[in-house]
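Atom set for the values below is all heavy atoms of this structure, side chains included, hydrogens, waters and symmetry mates excluded. All values derive from a computational prediction rather than experimental measurement. Starting from 1, each residue takes its place in the sequence as its number.
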Amino acid sequence: MTPNIQKETLQFLNDLKTHNDRDWFTKNKDRFVSANDNFIQFIQGLIGEVSKFDKTVAGMDAKSCVFRIYRDTRFAKDKSPYKTNFGALLMGKDKFSGVAGYYLHMEPGKSFL
C-alpha cells in the first residue's frame, strides 16, 4: 500500500512558494525534512506499485530517485534558491541506459506524472 501525501507536505510547498528565500527555509528546515521524508515514503510505495507491471523499477531506492530541492541559479534569471515542487524519476537500470522511465512532479495545483 502506497503511503499518502500529507496535507502538511503540500502546505510546506505552498509556503515555500510564498517565502522562497534562505532565511525562511532555514527557519523551516524541520518542515522541509518532514515533507521530504513523506515524499520519499510515497515514492517508495509508488515503486512497489509500478514494479507490479514494470519489473525494471523493482528494488529501486526512493532516495536515489528524488530530485534535490535546491535550484542551480548560476545561469538563471530567476534567482529563487529553491524549487517549489518535489520531483522523482523512476527509471530501471540507470538513467543513461536509454530505457523509458516515469517522472512525478508534485506541486500544489500543478502535479503530473
Side-chain angles (χ1 to χ4, degrees):
M1 183 173 159
T2 304
N4 292 326
I5 295 296
Q6 300 170 350
K7 288 188 285 187
E8 294 83 5
T9 299
L10 296 173
Q11 187 59 53
F12 169 78
L13 290 173
N14 272 328
D15 293 346
L16 180 59
K17 190 172 191 171
T18 304
H19 308 284
N20 198 330
D21 62 74
R22 286 182 177 83
D23 288 338
W24 182 90
F25 191 84
T26 301
K27 291 175 186 170
N28 290 274
K29 184 78 176 218
D30 57 332
R31 290 179 63 203
F32 163 69
V33 170
S34 179
N36 193 52
D37 287 346
N38 177 230
F39 186 68
I40 289 170
Q41 290 171 2
F42 177 78
I43 294 300
Q44 196 63 58
L46 185 63
I47 289 168
E49 293 299 316
V50 171
S51 67
K52 290 177 182 177
F53 60 86
D54 184 347
K55 301 298 181 202
T56 66
V57 301
M60 293 183 74
D61 177 34
K63 285 184 181 181
S64 67
C65 300
V66 173
F67 291 97
R68 62 192 193 107
I69 194 128
Y70 307 98
R71 292 182 64 243
D72 181 358
T73 60
R74 292 176 294 174
F75 307 109
K77 288 183 181 181
D78 177 6
K79 299 297 183 185
S80 302
Y82 307 102
K83 298 174 188 174
T84 56
N85 68 283
F86 285 121
L89 179 64
L90 310 182
M91 186 177 295
K93 301 182 183 185
D94 63 64
K95 61 184 172 183
F96 302 108
S97 66
V99 300
Y102 308 90
Y103 174 73
L104 174 65
H105 177 103
M106 190 184 74
E107 182 175 3
K110 299 179 183 178
S111 298
F112 62 90
L113 177 67

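Among residues two or more places apart in sequence or in another chain, the salt bridge (charged side-chain N to carboxylate O under 4.0 Å, His left out) test is passed with Asp72 by Arg74. Among residues two or more places apart in sequence or in another chain, the salt bridge (charged side-chain N to carboxylate O under 4.0 Å, His left out) test is passed with Asp37 by none. Under the side chain to side chain contact (heavy atoms under 4.5 Å, CB included) criterion, Asp78 pairs with Arg71, Ser80, not counting sequence neighbours. Take Lys52 and apply the salt bridge (charged side-chain N to carboxylate O under 4.0 Å, His left out) test, not counting sequence neighbours, and it matches Glu49.
Across Leu89, Leu90, Leu46, a single residue satisfies side-chain contact (heavy atoms from CB on, under 4.5 Å) together with Tyr102, and that is Leu90.
Of the inter-residue distances, the one linking Phe25 atom CZ with Phe32 atom CZ reads 4.5 Å to the nearest 0.5 angstrom. The distance from the CD1 atom of Ile5 to the CD1 atom of Ile43 is 7.0 Å, given to the nearest 0.5 Å. The distance from atom CG of Asn14 to atom NE2 of His19, rounded to the nearest 0.5 Å, is 10.5 Å.
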Between side-chain atoms of residues 59-69 and protein atoms elsewhere (two or more places apart, or another chain), which donor-acceptor pairs fall under 3.5 Å?
residue	atom	partner	partner atom	Å
Ser64	OG	Asp61	O	2.7

Per-pair distances, 0.1 Å, donor-acceptor, side chain in residues 104-111, under 3.5 Å, sequence neighbours excluded:
residue	atom	partner	partner atom	Å
His105	ND1	Asn85	ND2	3.4
His105	ND1	Tyr103	OH	3.3
His105	NE2	Glu107	OE1	2.9
Glu107	OE2	Thr84	OG1	3.2
Ser111	OG	Glu107	N	3.0
Ser111	OG	Glu107	O	3.0

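The shortest heavy-atom contact between Arg31 and Phe12 is NH2-CA, 3.3 Å. Taking each heavy atom of Val57 and Ile47 in turn, the nearest pair found is O-CG2, 3.4 Å. When every heavy atom of Gly48 is checked against every heavy atom of Ser51, the shortest pair comes out as O-OG, 2.9 Å.
When side chains are defined from C-beta on, Asn28 does not count as touching Asp15, because their heavy atoms never get closer than 4.5 Å. Inter-residue side-chain proximity for Trp24 and Leu16 is flagged as met; some heavy-atom pair is nearer than 4.5 Å. Side chains of Thr9 and Phe42 form no contact here, defined as non-hydrogen atoms less than 4.5 Å apart.
Looking only at distances, a side-chain donor or acceptor of Thr26 sits under 3.5 Å from a matching main-chain atom of Arg22. Asp21 places a side-chain N or O within 3.5 Å of a backbone atom of Asp23 that can act as its donor or acceptor partner.
Taking the six-membered ring for Trp and thresholds of 30 and 60 degrees, Phe39 and Phe86 have nearly parallel ring planes, at less than 30 degrees apart.
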